[in-house]
Each structure stands twice: as C-alpha cells, then as structure tokens.
Amino acid sequence: MPFCLATWNVNSLKVRMPHLLAWLNTRPVDIVCLQETKVTDDSFPVQSLADVGYRAHFAGQKTYNGVAILLREASVGTSTELVCGLPGYDDPQARLIALTVEGLRVVCGYFPNGQAVASEKYAYKLAWIGALTNWLREQVQVHPQLALLGDFNIAPEDRDVHDPAQWAGQILCSDQERAAFRALLALGLVDAFRLFEQAERSFTWWDYREFAFRRKMGLRIDHILLTSALAKRCTACSIEVELRKLERPSDHAPVVAVLEEFTRPAT
DNA sequence: ATGGCATGACAATCATGA
C-alpha cells in the first residue's frame with residue numbers, strides 16, 4: 001500500500017467539512033495538512049474527523065489562519081514531537097504545526113500572504129520564511145525524512161503562473177519571494193510536483209472572481225517539499241482539481257504526494 | 001485606477017485573502 005501525504009488550504013474548515021469528509025472517503029490519504037482552518041481549538045471538529053478515522057492535531061485562532069495535521073488512524077501510529085508555532089519566532093498568528101510519525105517529520109505551514117510588495121505584511125512574510133528556513137536547517141539534520149507541506153503563497157517559477165507578464169514582480173511572484181523559496185530548496189528539499197512530468201498550466205489556486213477557474217487563470221502556490229531521502233520514495237504528485245469544481249469550493253485545490261511503501265528503519 | 005468573490009465578525013460594512 002502506498003503512503004499518501006496531502007496539503008489543502010480549506011479556506012474555513014467549518015464551511016469545507018462536507019468536502020473534506022467526502023474527499024477523505026474517496027481518497028483516504030494517510031497524512032493531511034490543512035491551512036486556513038479559521039477555527040479556535042475549542043471548536044475544532046475533532047469528533048467528526050475521528051468518526052471517519054482521522055486523528056487531528058491543530059493550532060488555530062479566531063477568524064484568521066489556523067493549521068492542522070490529520071493522521072489516518074488505520075495507517076499511522078502515534079505521533080511525537082508536536083510543535084505548534086515556529087520555534088524561536090514569536091508570532092500571534094497560527095501558521096505552523098509539525099509532528100513526527102512513522103519516522104517522518106511532517107511540517108505544515110501557512111505562509112503569510114504578504115498583501116503587496118514593500119508593504120509591512122511583505123516584510124513579515126519574508127521574516128517569517130527566514131525564521132522557518134533557519135529552523136528547518138536544524139530539522140533536516142535531525143530528521144532525514146522530512147516533508148514541508150502547505151500554502152507557501154509563492155509561485156516559484158513563471159510556469160506556475162497563468163500570466164507571467166501580468167504577475168511579474170507582483171506579490172506571490174516577486175524576486176525576493178522566489179529567492180526565499182529557493183533558499184528552502186537549498187536546505188536539500190525538492191519540489192515533489194516537479195519530480196514528474198506535469199501538464200502545462202497546472203495550478204493549485206484560482207481567484208473566486210472573474211470565473212478564474214474555468215478560464216484556467218491560476219497560480220501554483222501550494223507545495224510539498226521533500227528531503228532527498230523522501231524524494232527517492234516519491235512515485236507521484238498531483239493536484240486534486242476536482243475539488244475546485246464543487247459547489248462552494250475552497251479557492252485552493254489539494255496537492256497529494258504518493259510515497260512507496262514505508263519500511264520502518266531498524267532500531 | 002478599481003473591484004470583482006468568499007469568509008468571519010458583526011449586525012452595515014469591514015479586514016483579509018492571493
């Protein structure tokens with residue numbers, strides 16, 4: 001049985017629960033990273049997810065942000081080393097959660113949007129990613145099998161943008177953001193999606209406005225980065241575009257990476 | 001040049017997203 005890792009910005013877990021449950025029913029991925037849950041921890045739908053076989057770890061806040069990692073009970077054991085919030089970076093915004101399961105370090109991040117280049121939020125975005133990069137530099141040493149999944153809010157290359165000329169230098173596509181993305185790769189991580197041949201105009205986010213989805217006007221800003229040890233085990237990576245076609249969809253589609261059968265290292 | 005659409009908080013608009 002292959003082992004599947006997924007990431008999905010749900011844009012409100014409360015609103016997207018029916019979609020999430022239906023999706024997990026047809027595609028029972030083993031580990032699911034969620035962003036923009038927009039729920040406080042006391043109202044996280046723990047029971048509804050337990051009912052369909054998933055154990056949840058979460059770090060949320062009111063109205064904005066919020067991240068979670070769901071573990072499929074039938075396929076993974078106990079998790080350890082739970083981290084909520086970016087270590088060493090004092091941040092009231094709930095944007096990071098990490099845990100270790102099956103020898104796998106799973107880091108789920110909701111990167112700041114940045115709003116506009118040169119804005120205060122842009123500076124925060126770059127600082128946040130810088131702090132993440134520094135923390136991961138240590139993490140990849142300790143955990144050779146590490147996966148960074150989430151909404152990066154960065155389109156790494158022009159081929160990840162429906163209209164590169166229109167987006168040139170804009171937020172999500174600026175040189176500094178792309179450099180920050182490459183700095184993450186420089187830690188020894190690889191973009192799982194680009195390990196395989198993919199269709200042109202493959203995106204993970206489409207604006208709700210202007211019929212952007214049907215017009216294929218999107219960006220690829222949700223990613224799964226893998227250490228080389230994991231990349232060797234990765235046999236496929238795809239975007240679950242079908243979920244963007246549903247009624248009341250999230251503006252993001254999930255990304256799924258498939259790993260070949262995991263062999264527990266000898267202890 | 002601006003807003004479009006969606007969500008949540010809050011009770012008519014407003015902040016935020018990307």
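Numbers restart at 1 for each chain; the letters A, B, ... are given by sequence-line order, proteins then strands.
Atoms CG (A:D163) and C1' (B:dA18) sit 15 Å apart, rounded to a whole Å. When the C1' atom of B:dG17 is taken as reference, atom CD1 of A:I171 falls 11 Å away, rounded to whole Å. Straight-line distance from the CG atom of A:N65 to the P atom of B:dA15: 17 Å, rounded to whole Å. Counting to the nearest Å, the P atom of B:dG17 and the NZ atom of A:K38 are 9 Å from each other. Distance NZ (A:K121) to C1' (B:dT16): 6 Å, rounded to an integer number of Å. Whole-Å rounding puts the A:F111 CZ to B:dT16 C1' distance at 19 Å. Taking atom OH on A:Y64 and atom P on B:dA18, their separation rounds to 12 Å, with Å as the unit. The separation between A:F203 atom CZ and B:dA18 atom C1' is 14 Å, rounded to whole Å.
Residue-level contact check: A:E36 touches the backbone only, with heavy atoms under 4.0 Å from sugar-phosphate atoms and none from bases.
Mapping A:N9 and A:E210 onto DNA chain B via the closest heavy atom, the residue that lands nearer the 5' end is A:E210. Residue A:R16 is the one, among A:R16 and A:N153, whose nearest nucleotide of DNA chain B lies closer to the 5' end (criterion: closest heavy atom).
For the P atoms, the distance linking B:dA15 with B:dG3 amounts to 12 Å, nearest Å. Taking the C1' atom of each, B:dA18 and B:dA6 are spaced 12 Å apart, rounded to whole Å. B:dT13 sits 14 Å from B:dG4 when the P atoms are compared, rounded to a whole Å.
Proximity of A:V101 to A:D30: side-chain heavy atoms (C-beta onward) are nowhere separated by under 4.5 Å. Under the 4.5 Å side-chain criterion, counting only non-hydrogen atoms from C-beta, A:K121 is not in contact with A:P112.
At a non-hydrogen distance threshold of 4.0 Å, A:R248, A:H252 from residues 243-252 of chain A come into contact with DNA chain B.
The side chain to side chain donor-acceptor pair (under 3.5 Å) test applied to A:T100 returns A:E81, A:R105, not counting sequence neighbours. Annotation: side chain to side chain donor-acceptor pair (under 3.5 Å) contacts of A:R182 (sequence neighbours excluded): none.
For the pair A:Y110 and B:dA18, the criterion of a side-chain N or O lying under 4.0 Å from OP1 or OP2 is met.
Closest approach to the A:K14 side chain among B:dA18, B:dG17, B:dG8 is made by B:dG8 (side chain taken as heavy atoms from C-beta onward). Of the candidate nucleotides B:dA18, B:dG8, B:dA9, B:dA9 has the atom lying nearest to any side-chain atom of A:K62. For A:T63, the listed nucleotide lying nearest its side chain is B:dA9; candidates were B:dG17, B:dG4, B:dA9.
A salt bridge links A:R194 with A:D160: the distance from a Lys NZ or Arg NE/NH1/NH2 to an Asp or Glu carboxylate oxygen falls below 4.0 Å.
If you check the side chains of A:Y89 and A:N134, you find no donor sitting under 3.5 Å from an acceptor. Of the N and O atoms on the side chains of A:H19 and A:S250, not one donor lies less than 3.5 Å from an acceptor on the other residue.
For the atom pair NE2 of A:H252 and CD1 of A:I239, the computed distance is 12.5 Å after rounding to the nearest 0.5 Å.
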